[in-house]
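Each ligand, and each atom within it, is numbered from 1 in the order the structure gives.
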Amino acid sequence: MKLYETQELKIYNSIKGEKEVFKPINAGLVGMYVCGPTVYNKVHLGNCRTFISFDLVFRYLKHLGYKVRYVRNITDAGHLENDAEEGEDRIAKKARLEELEPMEIVQKYTIDFHDILNLFNNTPPSIEPTATGHIVEQIEAIKKIIDNGLAYEANGNVYFDVLKYHESNHYGILSGRKIEDLIANTRTLAGQEEKKNPQDFALWKRAEPQHIMRWPSPWGVGFPGWHLECTVMSSKYLGESFDIHGGGMDLKFPHHECEIAQGKAANGKDPVNYWMHANMLTLNGKKMAKSTGNNILPRELFTGDNPNLSKAFAPSVARFFMLQANYRSILDFSDEALQASEKGFYRLMDAYQSLAFLEAKTESTFDVKAWKQSCYDAMNDDFNSPVLIAQLFEVVKFINGVKAEKETVTEADRDLIEVTLSDFIFDVLGLEEVEEANDASSEKIDSLVSILIKVRNKARADKDFFTADIVRDQLLEMGIELKDGKDGTAYSMKS
Ligand code: AMP
Ligand code: ZN
């Protein structure tokens, strides 16, 4: 018997605006697609929050016993500046600025993205397709939409005919935007007079001579529109209709609205049963974003090297901080909030580690079975990780009570707590054990580095530069940098 047969999971479906009982199309199997990054820059913590939110979803579905196929794309072409219909391709622009090939940019930032998500202990998706690897499929999809009368060619571009689509469908079904408002508020941009209506969006764009990312097509040399890749890659790997589609809240319109229209126009079916949108991470009350510079990079968090931070934080602590908020709520990043999360994180880990040392008695003063179900209830309620974490702290209180001999626990209950905590802390929340940097060990490091500084000074005085350099270089390799000043030698440490 799989857990999903006894646990009733509800998912907040953004297209319905309410929680619904989750029923996959094929019993026991789940298809999930999440919009991945545009790999033209380093990912910031805001991006990481969205991917951590969906990692929680992926992990919990697997924990329930579902076989999940999780597809998350890499956008390596077609995403223009400012999410606009005109302008430079983000990747091509970065390639120009860094004097690299576009595919070098893609490789560099894809590796960075994977490294960072690994540090956060995110599980890799089952398939990670790229837009440039699916140009042929995108051209085929455009042909289908044209054949179905819902797209038209103009001057080497192909546009989706929004008004025609809206005659027998509902454009705005996801975002709640009204077609009349869209018509009233969309301006005709210079160079786009060829569109039937200004709200029509591009499926294929003609490449101007300076546009270096280009492919041949029946409509001339060009490149696909940004929205199309997700329609094509999700239907290729998950089917024309699949279970869950996720992404950040900022992608709801136009990106996901266009995906619905394209899917329906190409295949005649609603592509997605459950739409999930993760909310934004903010810094100083404003959305973290690459374009505005209002962001913190993960590595800055891990080293403490950012003016918004007083110290370094471990990736698991940052992950715990994010999971202490519901994925549908806005979360504001602050040093104080992270410090509070860090304390909670170590309290949870300490309690877990001390379980093995608890003395078992003949009776328990805590209903462990009911507590375990309340952990499931929290996650079954639309992946409510903050409520789950509050439940985990209920058992932490009990464990500390047993330690203080105010409570008692039986051996069977202790084992059940251990298995349940391990399931939720490590498998579902995806946290990892972290060595707590304690004051005693940092004092020891301080004394050891002081001794090595003395050895180096003596070597330098003796003109034994070989020894002096070995001391400096090896320390640097360990992340300890010696700085010579007029008051002697100081050191700084990178974690
Ligand atoms: P991008 O590479 O800009 O397309 O973004 C990749 C993913 O990160 C998308 O799902 C965005 O919705 C998401 N995202 C961007 N900024 C933030 C933020 N400040 N907080 C949470 N998610 C974000
Ligand atoms: Zn997408």
Could [X] and [Y] be called an ion pair, given the rule that one side-chain N must be under 4.0 Å from one carboxylate O?
| X | Y | answer |
| --- | --- | --- |
| Arg319 | Glu432 | no |
| Lys144 | Glu140 | no |
| Asp427 | Arg59 | no |
| Asp381 | Lys19 | yes |
| Lys94 | Glu88 | no |
| Lys397 | Glu394 | yes |

Please list, in number order, the atoms of ligand 1 under 4.0 Å from a heavy atom of [X].
| X | answer |
| --- | --- |
| Phe51 | 6 (C), 7 (C) |
| Thr50 | 10 (O), 13 (C), 21 (C), 22 (N), 23 (C) |
| Met280 | 17 (C), 18 (C), 19 (N), 20 (N), 21 (C), 22 (N), 23 (C) |
| Gly248 | 10 (O), 12 (O) |
| Leu251 | 9 (C), 10 (O), 12 (O) |
| Asp250 | 11 (C), 12 (O), 15 (C) |
| Asn279 | 21 (C) |
| Lys287 | 16 (N), 19 (N) |

Any donor-acceptor pair under 3.5 Å from His79 side chain to Thr38 backbone: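 No; judged by distance alone, with no hydrogens or angles, the pair does not exist.
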Side chain of Arg96, backbone of Pro102: donor and acceptor closer than 3.5 Å?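 Answer holds: no.
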Glu229 vs Asp76 side-chain heavy atoms within contact, under 4.5 Å: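 A side-chain contact is absent here, since even the closest heavy-atom pair is not under 4.5 Å.
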Check whether any side-chain heavy atom of Met322 lies under 4.5 Å from a side-chain heavy atom of Leu45, and answer yes or no.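 Answer yes - side chains close enough.
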Shortest reach to atom 19 (N) of ligand 1 by a heavy atom, considering only Lys290, His255, Met288: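 Selected option, by shortest heavy-atom distance: Met288.
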Looking only at protein heavy atoms, which one is nearest to [atom], and how far off is it?
| atom | value |
| --- | --- |
| atom 5 (O) of ligand 1 | Asn47 ND2, 3.3 Å |
| atom 23 (C) of ligand 1 | Gly46 O, 3.5 Å |
| atom 20 (N) of ligand 1 | Leu281 N, 2.8 Å |
| atom 2 (O) of ligand 1 | Thr38 N, 3.0 Å |

Heavy-atom closest contact (Ala77 atom, Ile91 atom, distance):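 Distance-wise, the nearest heavy atoms are N-CD1, 4.2 Å.
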Given a threshold of 2.8 Å, state how many protein N/O/S atoms are nearer than that to the Zn ion (ligand 2).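 Under the 2.8 Å cut-off, the count stands at 3.
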Check this for me - ligand 1, Arg49, N or O atoms closer than 3.5 angstrom, yes or no?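 Min N/O separation from ligand 1 is not below 3.5 Å for Arg49.
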Hey, does Met249 come in under 3.5 Å of ligand 1, counting only N/O atoms on both sides?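 No, Met249 has no N/O under 3.5 Å of an N/O on ligand 1.
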Above 12 or not: heavy atoms from other molecules or residues under 6.0 Å from CD of Gln210?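 Enclosed: over 12 neighbouring heavy atoms sit under 6.0 Å from CD of Gln210.
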Option among Phe51, Phe320, Phe302, Phe313 that satisfies the ring pair (Phe, Tyr, Trp, His ring centres under 6.0 Å) test with Phe120: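 Passing option: Phe302.
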